[in-house]
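Note sheet for the following structure.
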Protein chains: 2
Amino acid sequence: MNADEPNGAPLDLAQTRQRIDAIDREIQQLIGERAQWAQLVGKAKGELKAAVDYYRPEREAQVLRMVVDRNSGGLLSNEEMVRLFREIMSACLAQQEPLKIGFLGPEGTFSQQAVLKHFGHSIKGLPLATIDEVFQEVAAGNADFGVVPIENSSEGTVNSSLDLFVTSPLKICGEIELRVHQHLLSRSTRLEDIERVYSHPQSLGQCKAWLRANLPKAERIPVSSNAEAARRARNADDAAAIAGETAAHIYGLKVLGRQIEDRPDNTTRFFVIGRELFPPSGHDKTSLLMSVKDKPGALYELLTPFADQNLSMTKIESRPARTGKWEYVFFVEVEGHVDDARVSAAVAAASARAAEVKVLGSYPVALL
Amino acid sequence: MNADEPNGAPLDLAQTRQRIDAIDREIQQLIGERAQWAQLVGKAKGELKAAVDYYRPEREAQVLRMVVDRNSGGLLSNEEMVRLFREIMSACLAQQEPLKIGFLGPEGTFSQQAVLKHFGHSIKGLPLATIDEVFQEVAAGNADFGVVPIENSSEGTVNSSLDLFVTSPLKICGEIELRVHQHLLSRSTRLEDIERVYSHPQSLGQCKAWLRANLPKAERIPVSSNAEAARRARNADDAAAIAGETAAHIYGLKVLGRQIEDRPDNTTRFFVIGRELFPPSGHDKTSLLMSVKDKPGALYELLTPFADQNLSMTKIESRPARTGKWEYVFFVEVEGHVDDARVSAAVAAASARAAEVKVLGSYPVALL
């Protein structure tokens with residue numbers, strides 16, 4: 001607040017609104033100036049082109065980290081403030097042709113939520129029928145970037161995304177984390193009535209401890225999706241579904257247990273895919289795909305260079321190779337950017353030992 | 001831009017980014033101040049409560065009109081700037097319990113888009129199965145407001161919404177307009193191949209002139225939804241569907257004709273419904289429901305008071321009364337707020353002639 005604020009004596013409603021109007025005028029003026037400077041950034045690279053030509057994920061990550069750093073003690077949460085700045089950046093960037101972002105449709109999916117969380121609303125979203133199509137449309141240039149789910153999704157799409165990276169020339173240029181909450185839904189209001197629990201296998205897995213503690217005797221029945229689970233639970237008093245809040249409303253079910261996921265930070269993680277690598281943002285991760293020909297024990301050998309460089313690994317996953325060329329493929333994530341000396345040294349050392357090491361991308365660590 | 005801006009000599013990228021960082025710092029500071037003042041508005045009404053206790057649609061409309069007035073000559077469009085301010089207001093309002101908004105689900109529908117366009121993203125959306133449920137949940141206080149489609153929706157829900165007002169005690173406290181584009185979609189790439197066009201009857205109606213001019217011989221086949229139309233068009237080279245862009249992506253169809261709606265301003269209109277009337281915003285509309293017992297010719301008589309007051313009518317629609325109590329029910333919209341002298345005089349005069357005149361609501365005219 002500024003010096004005009006009364007000490008103890010509150011302004012009346014009209015005066016308070018006048019203060020807010022004055023603040024809004026300043027905010028609007030500043031957003032206008034920001035748009036002009038953003039346009040200059042575009043022009044600095046020559047003729048002003050589409051947003052994709054001057055979109056810089058590493059710069060956006062840096063701006064948002066500054067927003068969080070400045071936000072301590074503020075009334076708005078970091079999430080809200082970051083969201084507002086994402087939207088301001090999104091609007092400034094979209095002055096020419098907005099970014100086109102492909103995602104697994106239809107609209108209303110978690111994937112779309114992830115797109116809007118990351119890129120703001122001043123974009124053109126392209127809902128696509130399969131993850132494969134998201135890769136294709138980005139590769140063909142019909143989409144500037146794509147967003148694909150990569151882990152812990154209740155849609156069971158983890159491996160299909162990972163596998164596409166084996167043959168795709170696309171690069172990972174961002175990650176997005178989205179909180180996902182699970183609820184126990186039923187038309188009954190009594191937990192002791194429940195004898196069957198329907199859900200997608202991944203969702204059942206995400207709530208295992210809760211089920212063991214609260215419904216030890218109930219049968220767990222895996223179905224194709226959480227929506228299908230809710231549909232089935234609607235038909236019996238002794239059945240329940242594990243699903244999101246939306247399903248409760250659509251299928252008219254009551255919430256018998258709220259946020260029953262075992263880990264309170266239950267999230268779905270997405271990759272942003274594009275056609276090029278971007279420079280470091282200062283707090284990055286690198287995803288690698290490493291393949292060995294015939295020695296299962298070779299994994300340890302491949303990882304040694306990263307340990308030698310004291311780089312912590314945030315994820316490692318092995319997948320059967322589909323090409324027949326190699327027997328084992330490993331997805332590895334390490335802290336740092338491939339332009340960092342330690343990461344590039346480790347990648348070089350690993351390359352000497354592997355059949356192939358492919359840098360899938362270096363990208364800013366998800367902020368919130 | 002400010003005085004530091006070089007005349008003609010462009011700053012380099014790093015300098016430009018420093019300028020943007022400085023602007024962001026100021027914007028963030030101001031948003032923080034705004035949140036504090038907004039909290040004061042809540043406190044001015046006593047103990048700070050949920051957002052619904054100090055949400056004022058007429059005030060929001062005034063703020064956004066100021067935003068548009070100030071925006072002339074700016075780089076960002078009115079739509080973008082209004083969107084940013086809606087989000088800022090939404091975040092400031094949601095500091096305590098955010099607004100709960102019921103709408104016709106599932107997520108991803110036009111109704112949800114309308115909710116987010118009007119209320120911003122700092123709300124709790126409740127997707128509901130029917131329009132009837134939206135009314136019920138608002139009446140019961142489980143939702144603070146509801147959003148229901150009212151005209152020109154491709155979902156064919158106009159009359160069902162209107163009819164619910166006959167018996168509901170709820171009030172209209174806002175209107176939302178959402179642009180809707182229709183495309184001709186097919187798996188064929190040649191317009192001359194098309195012999196059948198599937199779509200929802202309302203969508204066929206919205207593209208009548210285009211169809212007459214471009215596909216005069218094609219059969220028009222009404223189906224239950226545009227998604228169903230796209231699904232059918234997928235199976236034949238001589239069939240096309242009229243639907244939104246999303247359907248093209250989901251069903252893998254090509255766009256043979258883009259934005260083929262006859263009126264370029266093809267929009268779906270929604271009402272915001274709540275439990276109370278709000279004061280005038282300065283540019284309002286009033287919706288009335290008038291019923292007559294047995295004289296069809298009575299309509300003219302009912303409208304005379306409005307003509308006498310020189311109030312222009314923006315909509316009039318007659319519906320069969322379902323109560324059996326009256327034979328005719330008319331929905332009428334006039335300019336102005338029911339607190340305005342001319343409107344209240346006309347309503348009083350009409351009330352003297354009608355079996356019943358019910359003020360459904362007075363609300364700010366949709367801005368964009």
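Order of the sequence lines sets the chain letters (A, B, ...), proteins ahead of strands, with each chain counted from 1.
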Among [options], which has the most heavy-atom pairs under 4.5 Å with chain B?
options                                : result
Ala22(A), Cys92(A), Ala35(A)           : Ala35(A)
Gln62(A), Arg34(A), Arg25(A), Gln28(A) : Gln28(A)
His121(A), Glu87(A), Met66(A)          : His121(A)

Quiz item: Non-hydrogen atoms of chain A under 4.5 Å away: do they reach the side chain of Gln95(B), the backbone, both or neither?
Solution: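 Contact with chain A: side chain only.
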Quiz prompt | Proximity breakdown for Arg59(B) and chain A, heavy-atom pairs closer than 4.5 Å | solution = side chain
Self-check item: Any donor-acceptor N/O pair, Glu33(A) side chain to Ile23(B) backbone, under 3.5 Å
Solution: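 Side chain of Glu33(A) to backbone of Ile23(B), a donor-acceptor pair under 3.5 Å: no, none is there.
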Self-check item: Residues Asp21(A) and Arg70(B) bridged, charged N to O under 4.0 Å
Solution: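 Salt bridge flag = no for Arg70(B) with Asp21(A).
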For residues [X] and [Y], determine if any side-chain heavy atom of one lies less than 4.5 Å from a side-chain heavy atom of the other.
X        : Y        : value
Gln29(A) : Glu26(B) : no
Met89(B) : Ile20(A) : no
Asp24(A) : Val67(B) : no

Quiz item: Residue by residue, which of residues 73-83 of chain A have a heavy atom closer than 4.5 Å to a heavy atom belonging to chain B?
Solution: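 Interface residues of residues 73-83 of chain A: Leu75(A), Leu76(A), Glu80(A), Met81(A), Arg83(A).
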Practice problem: Taking ring pair (Phe, Tyr, Trp, His ring centres under 6.0 Å) as the test, write out the residues that go with Phe85(A), two or more places apart. | Solution: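 Counting only residues at least two positions away or on another chain, Phe85(A) forms no ring pair (Phe, Tyr, Trp, His ring centres under 6.0 Å).
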Quiz item: What distance separates Ile27(B) CD1 from Ile88(A) CD1, expressed to the nearest 0.5 Å?
Solution: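 One gets 5.0 Å once the value is rounded to the nearest 0.5 Å.
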